[in-house]
> 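One structure follows; several queries about it will come next.
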2 protein chains.
Amino acid sequence: MKASENNRKSHIREKNYLNILNAAEEVFAQNGFKGSSMNAIAEKAGLPKANIHYYFSNKMALYMEVLQRILVEWNQGLGEFTEQDDPSEVLEHYIASKVLQACQKPHQSKLFASEVISGAPAIADYIRTEMRQWLREKSAIFQIWMDKGLMKPVDPSHLMFMIWSTTQHYADYQTQVLLLLNQQEYETSDYETITRIVTEVILTGVGLTPSWKKQ
Amino acid sequence: MKASENNRKSHIREKNYLNILNAAEEVFAQNGFKGSSMNAIAEKAGLPKANIHYYFSNKMALYMEVLQRILVEWNQGLGEFTEQDDPSEVLEHYIASKVLQACQKPHQSKLFASEVISGAPAIADYIRTEMRQWLREKSAIFQIWMDKGLMKPVDPSHLMFMIWSTTQHYADYQTQVLLLLNQQEYETSDYETITRIVTEVILTGVGLTPSWKKQ
DNA sequence: GTCTATAATCAGATAGAC
DNA sequence: GTCTATCTGATTATAGAC
């Protein structure tokens with residue numbers, strides 16, 4: 001087999017693979033693992049059901065791939081900071097990224113929420129190890145900032161929960177938010193409004209000043 | 001038929017009815033509407049599957065009853081206040097009730113979250129009418145308080161979303177929170193910790209003072 | 001009112017032609 | 001690699017004995 005053929009084939013493989021993953025992400029996000037059918041995923045991907053089984057050994061394997069991809073993307077995009085950084089800059093940046101992520105890729109947070117609501121059977125281990133470790137590290141940095149008097153002392157873990165909940169709300173409860181605001185979808189101006197109020201309330205709440213209020 | 005017999009029968013009916021509703025609430029909360037099976041509900045209720053169909057015509061009818069009951073309970077327990085009330089007292093009380101509700105009856109919020117994540121097919125109408133109306137009324141009160149200079153001006157709807165998200169987080173993401181905090185379940189002391197930090201950050205964030213910080 | 005048995009449909013997974 | 005046909009088991013719902 002010529003190399004060019006090989007490339008073309010693996011290109012097709014890659015394309016189908018991603019197509020299925022994307023379709024699965026949407027369907028799983030809407031109805032959770034148990035509530036989603038391979039049929040629904042196949043239809044969304046525009047393929048016969050059997051093709052999915054050609055690329056993924058079974059439903060659970062597909063689900064794990066989708067979840068894995070989300071966790072990897074989340075770990076890349078967010079949350080690396082050190083005690084040397086400026087507290088308000090760090091929180092502002094973190095909140096802004098989370099809001100953007102929630103509004104632009106709500107499926108990801110919805111799928112994650114679905115998984116956690118059903119008891120996190122697939123990611124309990126991940127939460128107990130990597131996520132807990134990450135939270136411990138970042139909490140320690142918060143604590144140092146508080147000890148230095150750079151911010152008001154509040155429980156660091158719960159502060160992180162507040163950031164997660166307020167931002168992810170716009171993904172998980174997207175349907176409710178849009179219905180209440182009488183909008184069809186999020187617009188770019190919404191990202192800014194949301195980021196602004198969440199940042200302002202939380203930063204002020206822990207004794208910090210948002211950059212746009214300084215001087 | 002004697003009256004006593006009639007009473008006994010309707011008592012049995014009531015007991016079974018509630019038993020099924022409670023079982024259904026748990027199962028639907030964990031796996032959503034599509035992901036839940038009548039079988040699982042029957043097992044949790046300790047009844048043969050057919051008995052459920054004796055009390056509820058079908059799966060959707062059972063689901064709607066469960067949802068209905070949650071919405072009624074939520075409407076009773078929370079959130080009646082007027083512009084004459086004191087802003088910090090109102091917010092403190094509202095947040096405390098929501099935290100208690102989230103920690104004590106996480107199923108309810110989980111089920112609601114599940115419904116909204118899947119696009120709110122069963123309650124879109126409720127959200128568009130009653131809930132939107134409620135939000136408009138309360139937002140108007142917030143706005144009056146802000147106009148009077150009693151609190152810092154922020155978007156009232158989004159402020160409400162922040163209260164909902166931070167409190168409901170402890171229900172919807174209960175599994176994650178407990179895994180991260182390395183706890184088996186919420187304790188009474190947790191209710192207080194959570195209420196305290198959420199209240200403190202949000203109230204301070206909108207320029208109010210929690211009661212325990214006054215004088 | 002309760003429960004076993006069963007009809008009818010749907011879902012996950014595979015076989016095998018192309 | 002792709003797709004139709006099909007197997008097997010689960011699921012909703014009902015029939016009918018008790």
Side-chain angles (χ1 to χ4, degrees), chain A residues 1-67 114 118 121-122, chain B residues 1-24 26-28 30-67 114 118 121-122:
Chain A
M1 187 194 291
K2 281 179 287 184
S4 66
E5 258 181 64
N6 211 323
N7 279 340
R8 188 163 48 78
K9 281 204 179 172
S10 66
H11 173 71
I12 290 177
R13 186 173 182 83
E14 185 73 6
K15 215 187 71 180
N16 281 330
Y17 186 84
L18 287 176
N19 179 30
I20 295 171
L21 272 188
N22 291 334
E25 188 175 288
E26 272 194 66
V27 175
F28 282 134
Q30 191 165 14
N31 295 111
F33 176 71
K34 283 195 190 171
S36 303
S37 75
M38 296 296 269
N39 212 336
I41 295 170
E43 273 181 30
K44 178 137 309 210
L47 292 171
K49 206 169 41 166
N51 289 29
I52 297 180
H53 279 98
Y54 176 74
Y55 287 96
F56 299 91
S57 55
N58 54 37
K59 189 182 170 185
M60 180 55 83
L62 171 55
Y63 181 69
M64 292 304 287
E65 279 301 309
V66 174
L67 254 179
S114 216
S118 69
Chain B
M1 188 193 290
K2 283 180 284 185
S4 64
E5 259 182 62
N6 210 324
N7 280 339
R8 188 164 45 78
K9 282 204 176 171
S10 66
H11 173 71
I12 290 176
R13 185 173 183 83
E14 185 74 7
K15 214 187 70 180
N16 282 330
Y17 186 83
L18 288 176
N19 179 28
I20 295 170
L21 272 188
N22 291 334
E26 274 194 65
V27 175
F28 282 135
Q30 191 165 13
N31 295 112
F33 176 71
K34 285 195 190 172
S36 302
S37 76
M38 297 294 269
N39 210 337
I41 295 170
E43 275 180 28
K44 178 137 310 205
L47 292 171
K49 211 171 31 168
N51 288 31
I52 296 180
H53 279 98
Y54 176 75
Y55 287 95
F56 299 90
S57 54
N58 54 38
K59 188 181 170 184
M60 179 57 81
L62 171 56
Y63 181 69
M64 292 304 286
E65 279 301 309
V66 174
L67 254 178
S114 211
S118 70

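Quick note: numbers below take in every heavy atom, side chains included, and nothing from hydrogens, waters or symmetry partners. Chain A is the first sequence line, chain B the second, and so forth, proteins listed ahead of strands; every chain is numbered from 1.
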> Check whether any side-chain N or O of A:Asn22 sits under 3.5 Å from a backbone N or O of A:Leu18 as a donor-acceptor pair, and report yes or no.
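Yes; judged by distance alone, with no hydrogens or angles, the pair exists.
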> Please report, rounded to the nearest Å, how far the P atom of D:dC3 is from the CD atom of A:Glu43.
14 Å
> What's the CG-C1' distance between A:Asn58 and D:dT8, to the nearest Å?
16 Å
> Measuring from atom OH of B:Tyr54 to atom CZ of B:Arg13, what distance do you get when rounded to the nearest 0.5 angstrom?
5.0 Å
> Quick one: is D:dT2 close enough that its OP1 or OP2 comes under 4.0 Å of any side-chain N or O from A:Asn16?
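True: A:Asn16 side-chain N/O within range (under 4.0 Å) of D:dT2 OP1/OP2.
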> Just call it for B:Tyr55: base, sugar-phosphate, or nothing, with non-hydrogen atoms closer than 4.0 Å on any strand.
sugar-phosphate
> Nearest-Å distance, NZ (B:Lys34) to C1' (C:dC10)?
13 Å
> If I take atom CD1 in residue B:Ile52 and atom P in nucleotide C:dT4, what distance separates them, rounded to the nearest angstrom?
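Between P of C:dT4 and CD1 of B:Ile52: 14 Å.
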> Please tell me which of the listed nucleotides, C:dA13, D:dG1, D:dA13, lies nearest to the side chain of A:Lys59?
C:dA13
> Taking the six-membered ring for Trp, are B:Tyr63 and B:Phe28 parallel (under 30°), tilted (30 to 60°) or perpendicular (over 60°)?
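Aromatic pair B:Tyr63/B:Phe28 classed perpendicular.
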> Look at the side chain of B:His53 and decide which nucleotide, out of C:dT2, D:dT12, C:dA11, has an atom nearest to it.
D:dT12
> From the set C:dA13, C:dC3, C:dT2, return the single nucleotide nearest to any side-chain atom of B:Pro48.
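Nearest listed nucleotide: C:dC3.
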> Mind checking the CD1-OG spacing from A:Ile52 to A:Ser57? Nearest 0.5 Å is all I need.
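One gets 12.5 Å once the value is rounded to the nearest 0.5 Å.
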> C:dG12, D:dT2, D:dA13: which one has an atom nearest the side-chain heavy atoms of B:Lys49?
D:dA13
> Looking at C:dC3, C:dG12, D:dT12, which one has an atom nearest to any side-chain atom of B:Met38?
D:dT12
> Ignoring backbone atoms, establish whether A:Asn51 has a side-chain N or O less than 4.0 Å from OP1 or OP2 of D:dC3.
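Checking A:Asn51 against D:dC3: at least one side-chain N or O falls below 4.0 Å of OP1 or OP2.
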> Quick one: NZ on B:Lys34 to NZ on B:Lys59, what's the gap to the nearest 0.5 Å?
9.5 Å
> In this structure, how many angstroms lie between the C1' atom of D:dG1 and the NZ atom of A:Lys15, rounded?
13 Å
> Roughly how many Å is it from CE in B:Met60 to C1' in D:dT12, rounded to a whole number?
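In whole Å, D:dT12 C1' and B:Met60 CE are 13 Å from each other.
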> Whole Å only: how far is the CZ atom of A:Arg13 from the P atom of D:dG1?
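Taking atom P of D:dG1 as the reference, CZ of A:Arg13 is at 5 Å.
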> Nearest of C:dT2, D:dT4, D:dT12 to any side-chain atom of A:Ala50?
D:dT4
> To the nearest angstrom, how far is B:Phe33 atom CZ from D:dT11 atom P?
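That distance rounds to 14 Å.
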